[in-house]
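Just so it is clear, the values below take in all heavy atoms, side chains as well, and ignore hydrogens, waters and symmetry mates. Along the sequence shown, the residues carry numbers beginning at 1.
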Amino acid sequence: MALRRPEKPELRPLASENRFTLSEGEEAALDRLLDRFMPFFDRLDTLPDATSPIDTRGREAGTRPEQDDDPCNAILRRCSVPATGSGALDGWRVGLKDSIAVAGVPMTCGSAILDYTPSTDSTLVARLLDAGAEIRGILNMDKFAFSGAGDTSDHGPTFNPHDPERLAGGSSGGSAAALSYPDFDLTFGADQGGSIRIPAAWCGVVGLKPTHGLIPYGGIVGLDHTYDHVGPMARTVAEVAQALEVVAGKDDGDPRQRGLRVERYSEALDAKSGSGLRIGVVRQGFGLDGADPAVDSAVREAIDALARTGAAVTEIDIPAHEEAAPVIWGLYSESIAMAFRTNASGYGWEGTYIPEMAEAFGRALDAGSDRLPPQAKLHLVLGTYLRRSFHGRLYAKAQTLRPWLREAYDHPLRSVDVLAMPTTPTTAHRYRPDLDFEERVLSGWSMLGNTAAFNMTGHPSISVPCGTVDGLPVGLMLTGRHFDDATVLAAAAAVEHLFPTG
């Protein structure tokens with residue numbers, strides 16, 4: 001069946017959208033030329049996709065649990081996708097953020113407007129299943145991953161397991177809260193500004209944003225190839241390290257991967273103290289706007305405890321940490337607007353595309369963009385304005401400043417093993433359903449001050465529990481050198497030894 005071609009009256013509006021006008025002669029010529037070129041697209045549409053659908057027999061897409069079975073509202077679907085192989089994750093029960101493709105299991109990205117069931121697995125899922133893991137749940141997330149609070153999902157907010165009146169954090173809130181249930185051993189979240197580490201800190205679990213590109217991102221809905229990350233979350237550092245060993249490594253279909261180096265991460269966890277560990281305490285990571293002094297104190301007390309076990313602790317200044325916001329927001333708005341404009345697929349990269357995912361995303365936006373979250377609407381309006389008014393200059397400038405920001409952290413990391421600061425400036429927020437548009441935006445981004453910069457620089461960064469304030473978990477964030485995730489995990493294990501949560 002032939003694709004519908006644009007009719008002659010549609011040509012001038014299409015030209016206007018691209019900032020030019022058509023004379024009558026040009027309009028007539030284009031109308032004739034379309035008859036010549038549209039058949040190529042008709043033929044393309046009939047060719048088989050390069051990716052073959054997976055046989056989903058034996059997989060159970062499952063249903064949403066009852067509230068009594070899911071008090072945190074962390075689980076959108078209890079499913080059963082059995083292992084395809086055997087290995088290091090034999091018997092592990094895994095939950096996935098609702099943006100990670102699993103063949104035969106519906107994906108919504110936390111939104112009621114996306115109606116999509118993948119026919120292929122993401123690279124991450126294929127590696128988990130091949131290593132013996134079973135996918136047991138699809139987990140709640142902030143709508144299209146635009147908030148760090150955990151309160152914007154169309155499926156309802158994700159609540160904190162330590163206080164049902166507080167939020168789990170976002171956007172991978174379900175991935176953190178589900179670890180409070182006995183039937184998940186491991187979960188995965190995605191992180192573009194802190195979306196793994198924030199809910200890990202608020203829920204008292206371990207969450208790793210690995211070095212950019214270390215875990216393949218193919219088959220996961222993203223925002224920008226240059227700062228998309230996916231990573232494991234678990235109750236212990238050892239479980240995170242074991243999972244990372246399984247899923248890290250080269251994927252020819254992922255353009256995010258450069259200079260890849262993979263290690264035996266579980267072997268780095270032998271030490272039970274901070275002996276020999278060099279920690280740089282970043283002054284600018286404390287006292288953030290709106291920070292709770294008790295959170296800062298808890299993190300400093302944890303670092304002092306590490307020093308008593310033999311760690312060498314140095315206070316360091318990184319002024320660029322306070323100046324990172326213009327680079328971060330310069331990258332966010334235009335790239336997010338373009339991600340939506342290109343239906344979350346983008347252009348100009350070679351690798352594994354998923355045509356059905358792009359189409360489903362685009363249809364969802366055509367049908368329901370009015371239901372996008374406030375943060376997305378802000379980025380789309382602002383990003384479109386910036387592109388039209390400044391012709392991409394500000395996005396390009398932000399990209400050119402990334403090496404400067406990266407070097408600001410690389411310089412002290414030549415003298416210390418990890419950088420330390422609070423993951424978030426406060427403990428978990430109370431759930432406030434009455435927030436208006438502006439309050440929802442600001443509340444959902446108020447905890448990104450320490451996390452977002454490392455999405456732009458690509459450094460590995462982990463949140464590990466280091467105590468509590470008024471009964472609520474506090475996370476210590478440790479950041480290391482590119483592809484030295486092993487040292488970051490070892491440092492986190494030393495913290496965990498002092499502040500066990502199990």
Q) Do Lys97 and Ser195 pass the side-chain contact (heavy atoms from CB on, under 4.5 Å) test, and can you show the C-alpha distance, the side-chain angles, and the key distance before you say yes or no? A) CA-CA 11 Å; Lys97 187 175 184 175; Ser195 291; 4.1 Å; yes
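- Side chains of Ile462 and Val206 form a contact here, defined as non-hydrogen atoms less than 4.5 Å apart.
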Starting from the C-alpha separation in whole Å, work towards a yes-or-no answer on side-chain contact (heavy atoms from CB on, under 4.5 Å) for Thr236 and Glu496.
CA-CA 8 Å; Thr236 69; Glu496 180 180 66; 3.5 Å; yes
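- Asn455 contributes a side-chain N or O that, together with a main-chain N or O of Asp191, makes up a donor-acceptor pair within less than 3.5 Å.
- Between Gln284 and Asp317 there is a side-chain heavy-atom pair separated by less than 4.5 Å.
- Side-chain contact between Ile75 and Tyr181 is present, with heavy atoms from C-beta onward closer than 4.5 Å.
- Counting heavy atoms from C-beta on, the side chains of Met107 and Ile138 never come closer than 4.5 Å.
- Under a 3.5 Å cut-off, the side chain of Ser175 and the backbone N or O of Phe188 do form a donor-acceptor pair.
- Residues Tyr227 and Arg256 are not in side-chain contact: their nearest non-hydrogen atoms beyond the backbone lie 4.5 Å or more apart.
- Between the side chains of Thr426 and Asp292, no donor-acceptor pair is found at a separation under 3.5 Å.
- Residue Phe146 forms a ring-ring contact (aromatic ring centres under 6.0 Å, His included) with just one option from Phe340, Trp445, Tyr332, and that option is Phe340.
- Residues meeting the side chain to side chain donor-acceptor pair (under 3.5 Å) test with Asp154, sequence neighbours left out: Lys143.
- Side-chain contact check for Asn73 and Thr158: no donor-acceptor pair (N or O, by modelled atom type) lies under 3.5 Å.
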With salt bridge (Lys or Arg N to Asp or Glu O under 4.0 Å) as the test, would you mind laying out the steps for Arg127 and Glu245 before giving the verdict?
CA-CA 11 Å; Arg127 291 184 178 182; Glu245 282 189 15; over 6 Å; no
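- Environment of NZ in Lys250: crowded, with over 12 heavy atoms of neighbouring residues, nucleotides or ligands closer than 6.0 Å.
- With ring centers used as reference points, Trp202 lies under 6.0 Å from His429.
- Residues passing the side chain to side chain donor-acceptor pair (under 3.5 Å) test with Ser297, sequence neighbours excluded: none.
- With 3.5 Å as the limit, one finds a donor-acceptor pair spanning the side chains of Thr108 and Asp98.
- With sequence neighbours excluded, the residues satisfying ring-ring contact (aromatic ring centres under 6.0 Å, His included) with Phe454 are Tyr409.
- Within the 3.5 Å criterion, the main-chain N or O of Asp185 finds no donor-acceptor partner in the side chain of Arg93.
- Between the side chains of His459 and Thr479, not a single donor N or O lies within less than 3.5 Å of an accepting N or O.
- In this structure, Leu124 and Pro216 have side chains that are not in contact, with every pair of non-hydrogen atoms separated by 4.5 Å or more.
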query: Step by step, would you call Thr123 with Asp251 a side-chain hydrogen bond (donor to acceptor under 3.5 Å, both in side chains)?
result: CA-CA 8 Å; Thr123 306; Asp251 173 18; 3.1 Å; yes
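- A donor-acceptor pair is defined here as one N or O able to donate and one able to accept, closer than 3.5 Å; no such pair exists between the side chain of Gln399 and the backbone of Leu331.
- Here the closest non-hydrogen pair linking Leu139 and Ala178 is CD2-CB, 3.9 Å.
- Annotation: side chain of Pro232 is in contact with side chain of Leu186 (closest heavy-atom distance under 4.5 Å).
- Sparse packing is recorded around CD of Gln67, with 12 or fewer heavy atoms of other residues, nucleotides or ligands lying under 6.0 Å away.
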When you look at Asp224 and Tyr395, which way does the side-chain hydrogen bond (donor to acceptor under 3.5 Å, both in side chains) test go after all the steps?
CA-CA 12 Å; Asp224 186 291; Tyr395 176 79; 3.1 Å; yes
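- Checking side-chain atoms of Asn450 against main-chain N and O of Pro422 turns up a donor-acceptor pair under 3.5 Å.
- No side-chain heavy atom of Lys209 sits less than 4.5 Å from a side-chain heavy atom of Thr451.
- Partner Asp151 forms a salt bridge (charged side-chain N to carboxylate O under 4.0 Å, His left out) with one of Arg430, Arg440, Arg432 and no other, that one being Arg440.
- Screening Asp484, Leu214, Leu489, Leu244 against Glu263 for a side chain to side chain contact (heavy atoms under 4.5 Å, CB included) leaves a single residue, Asp484.
- Separating the CG atom in Leu223 from the CE atom in Met338 is a distance of 13.5 Å, to the nearest 0.5 Å.
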Step by step, work out the side-chain hydrogen bond (donor to acceptor under 3.5 Å, both in side chains) result for Asp228 and Gln192. CA-CA 5 Å; Asp228 290 330; Gln192 281 87 13; 2.9 Å; yes
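- For the atom pair OG1 (Thr226) and CE (Met456), the distance works out to 7.0 Å, reported to the nearest 0.5 Å.
- With a 6.0 Å radius and a threshold of 12 heavy atoms from other residues, nucleotides or ligands, Asp289 has its CG atom at or below the threshold.
- Contact check on Glu407 versus Arg414 returns a salt bridge, with a Lys/Arg side-chain nitrogen under 4.0 Å from an Asp/Glu carboxylate oxygen.
- No donor-acceptor distance shorter than 3.5 angstrom exists from the side chain of Glu334 to the backbone of Gly383, with no hydrogens or angles considered.
- Arg77 contributes no side-chain N or O that, together with a main-chain N or O of Arg136, makes up a donor-acceptor pair within less than 3.5 Å.
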Between Leu372 and Leu380, is a side-chain contact (heavy atoms from CB on, under 4.5 Å) present by the stated rule, with each step listed? CA-CA 10 Å; Leu372 289 172; Leu380 290 173; 3.6 Å; yes
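- Glu239 places no side-chain N or O within donor-acceptor distance of the main-chain N or O of Ala234, the cut-off being under 3.5 Å.
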- Query: What's the verdict on side-chain contact (heavy atoms from CB on, under 4.5 Å) for Ser171 and Ser147, showing C-alpha distance, side-chain angles and the deciding distance?
  - Reply: CA-CA 6 Å; Ser171 62; Ser147 175; 6.0 Å; no
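- In this structure a side-chain-to-backbone donor-acceptor pair under 3.5 Å is present from Arg235 to Leu179.
- In this structure, Arg166 fails the cation-pi test against Phe159, since its NZ or CZ atom is not both closer than 6.0 Å to the six-membered ring centre and inside 45 degrees of the ring normal.
- Using modelled atom types, one side-chain atom of Asp417 and one backbone atom of Arg278 make a donor-acceptor pair closer than 3.5 Å.
- Looking at Glu66 and Arg78, no side-chain N of the basic residue comes within less than 4.0 Å of a carboxylate O on the acidic one, giving no salt bridge.
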